[in-house]
Amino acid sequence: MKLVFIGPPGVGKGTYAKAVSEKFGIPHISTGDIFREEIKKGSELGKRVKEFLDKGLLVPDDIVIEVVKQRLSMGDCRKGFILDGFPRTLQQAEALEQFARPEWAFLFQARDETILERLGGRRICPKCGAIYHIKYMPPKVPGICDKCGTPLIQRKDDTPEVIMERLKIYREQFTPIILFYKERGRLVEIDANEQADKVVPVVIERLRKLYNV
Ligand code: AP5
């Protein structure tokens, strides 16, 4: 399965990608997670991308494309991959066709007010990457990761101003990418307004039909 998960910030791409990754045993690759990890490590790459992430701006194409190309060349991607948050520009979509053509692009959509509520209540585990929501997907013990016991944090770019900037960029830049996959007959549209426990089975069912598994 070579998949890309696209859609506005906070629609739930990471949540659905994690579930599909566990179900079918293919790696979940989030460009946002890679950048956050590099920033945490204080690496050269982290230093180059920090300013963009803090402001909610897109990281330049050449950097993102190189990072994804390297990650997809690793052994665990031989069976397939789920790319979450990539491509974000037409140039990224075109580059990806050259080195790892995705078979399907899953487009998730939800209303703006739903997205704002999801991002405002999101908490993440800085150690294992698990995603929670204070109302919709609360951890068993408030503020603590169910999987590894680490205290949860709020992402730096989940402030109202940065969320608005991310949504603005999405609206301005995303239509050509949706058309790119639609025109090639490889777009799968998913209504993500429902709770995650309703959306995930829909995604899995679509994949079962597409791949006959
Ligand atoms: P990135 O990390 O990719 O952020 P994003 O696209 O803004 O997406 P999010 O991770 O915020 O949302 P999501 O859709 O994964 O939602 P989640 O599952 O967490 O990118 C961050 C930054 O990195 C960018 O701004 C940019 O600077 C840079 N970057 C990354 N990729 C790049 C690229 N290709 N090019 C250039 N720059 C790039 O869910 C959100 C919340 O809702 C959670 O709390 C979750 O528990 C909850 N939830 C999820 N689904 C549901 C549901 N169905 N019902 C109720 N609650 C739900």
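Start at 1 and go down the list; that is how both ligands and their atoms are numbered. Worth saying up front: this structure is predicted, and the values here are computed from it rather than measured.
Of all the atoms in ligand 1, the ones that sit under 4.0 Å from a non-hydrogen atom of Tyr136 are 55 (C), 56 (N). Of all atoms in ligand 1, numbered sequentially from 1 with element shown, those under 4.0 Å from a heavy atom of Thr31 are 30 (C), 31 (N), 32 (C), 34 (N). Interface of Glu194 with ligand 1, defined as ligand atoms under 4.0 Å from a residue heavy atom, comprises 52 (C), 53 (N), 54 (N). Close contacts between ligand 1 and Ile131 involve ligand atoms 18 (O), 19 (O), 43 (C), 45 (C), 46 (O) [criterion: under 4.0 Å to a heavy atom]. Listed by number with element, the atoms of ligand 1 under 4.0 Å from a non-hydrogen atom of Thr15 are 17 (P), 18 (O), 39 (O), 45 (C), 49 (C). Listed by number with element, the atoms of ligand 1 under 4.0 Å from a non-hydrogen atom of Met137 are 45 (C), 46 (O), 47 (C), 48 (N), 49 (C), 51 (C), 56 (N), 57 (C). Set against the non-hydrogen atoms of Ala196, the atoms of ligand 1 under 4.0 Å away are 51 (C), 52 (C), 53 (N), 54 (N).
With rounding to the nearest 0.5 Å, the separation of NZ in Lys2 from CG in Leu72 is 9.5 Å.
The residue from Glu117, Arg118, Gln173 that puts a heavy atom closest to atom 55 (C) of ligand 1 is Arg118.
Salt-bridge check for Arg71 with Asp76: passed, with a basic side-chain N closer than 4.0 Å to an acidic carboxylate O. Salt-bridge check for Glu38 with Lys41: passed, with a basic side-chain N closer than 4.0 Å to an acidic carboxylate O. By the 4.0 Å N-to-carboxylate-O rule, Glu51 lies close enough to Lys55 to be salt-bridged with it.
Annotation: side chain of Thr15 is not in contact with side chain of Val199 (no heavy-atom distance under 4.5 Å). The closest side-chain heavy-atom distance from Cys145 to Pro139 is not below 4.5 Å. Met1 places a side-chain heavy atom less than 4.5 Å from the side chain of Val213. Looking only at side-chain heavy atoms (C-beta outward), Arg184 and Arg101 stay at 4.5 Å or farther from each other.
Among protein heavy atoms, atom 12 (O) of ligand 1 sits closest to Gly10 N, 2.9 Å. The nearest protein atom to atom 35 (N) of ligand 1, hydrogens excluded, is given as Gln92 NE2, 2.9 Å; this is a heavy-atom distance. Closest to atom 27 (O) of ligand 1, if we only count protein heavy atoms, is Leu57 O, 2.5 Å. The nearest heavy-atom contact from the protein to atom 15 (O) of ligand 1 is Gly14 N, 2.8 Å. Nearest protein neighbour of atom 37 (N) of ligand 1, counting heavy atoms only, is Val59 N, 3.0 Å. Protein heavy atom nearest atom 13 (P) of ligand 1, with residue, atom name and distance: Lys13 N, 3.5 Å. Of the protein's heavy atoms, Arg88 NH2, 3.0 Å lies nearest to atom 20 (O) of ligand 1. Of all protein heavy atoms, the one closest to atom 9 (P) of ligand 1 is Arg122 NH1, 3.3 Å.
Under the 6.0 Å distance and 45° angle rule, Arg166 does not count as a cation-pi partner of Tyr170.
Among the atoms of Arg166, some N or O lies under 3.5 angstrom from an N or O of ligand 1. For the pair Phe86 and ligand 1, the shortest N or O to N or O distance does not fall below 3.5 Å. Polar contact check, Leu119 against ligand 1: no nitrogen or oxygen pair lies under 3.5 Å apart. Backbone and side-chain nitrogen or oxygen atoms of Phe35 are examined, and none is located within less than 3.5 angstrom of a nitrogen or oxygen of ligand 1. Checked against a 3.5 angstrom limit, the closest N/O atoms of Tyr16 and ligand 1 fall inside it. Taking any N or O of Val64, backbone or side chain, none lies under 3.5 Å from an N or O belonging to ligand 1. In terms of polar-atom proximity, Gly12 is counted as a contact of ligand 1, with an N or O under 3.5 Å from an N or O of the ligand. Any N or O atom pair closer than 3.5 Å counts here, and Ser30 shares no such pair with ligand 1.
Gly7 and Leu107 get closest at one heavy-atom pair: CA-CD1, 4.0 Å. Nearest heavy-atom pair, Gly14 versus His28, reported as atom, atom and distance to 0.1 Å: O-CE1, 3.9 Å.
A donor-acceptor contact shorter than 3.5 Å is absent between the side chain of Arg123 and the backbone of Gly143. Under the 3.5 Å distance criterion, the side-chain polar atoms of Tyr132 are matched with a main-chain donor or acceptor of Asp146.
By the 4.0 Å heavy-atom criterion, Arg36 is counted among the residues contacting ligand 1. Residue contacts with ligand 1 include Arg155, since one of its heavy atoms falls under 4.0 Å from the ligand.
Annotation: Phe108 is in aromatic contact with Tyr16 [ring centroid separation under 6.0 Å].
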Query raised in the report: Could you walk me through whether Leu207 and Trp104 pass the side chain to side chain contact (heavy atoms under 4.5 Å, CB included) check?
Result: CA-CA 9 Å; Leu207 284 168; Trp104 300 102; 5.6 Å; no
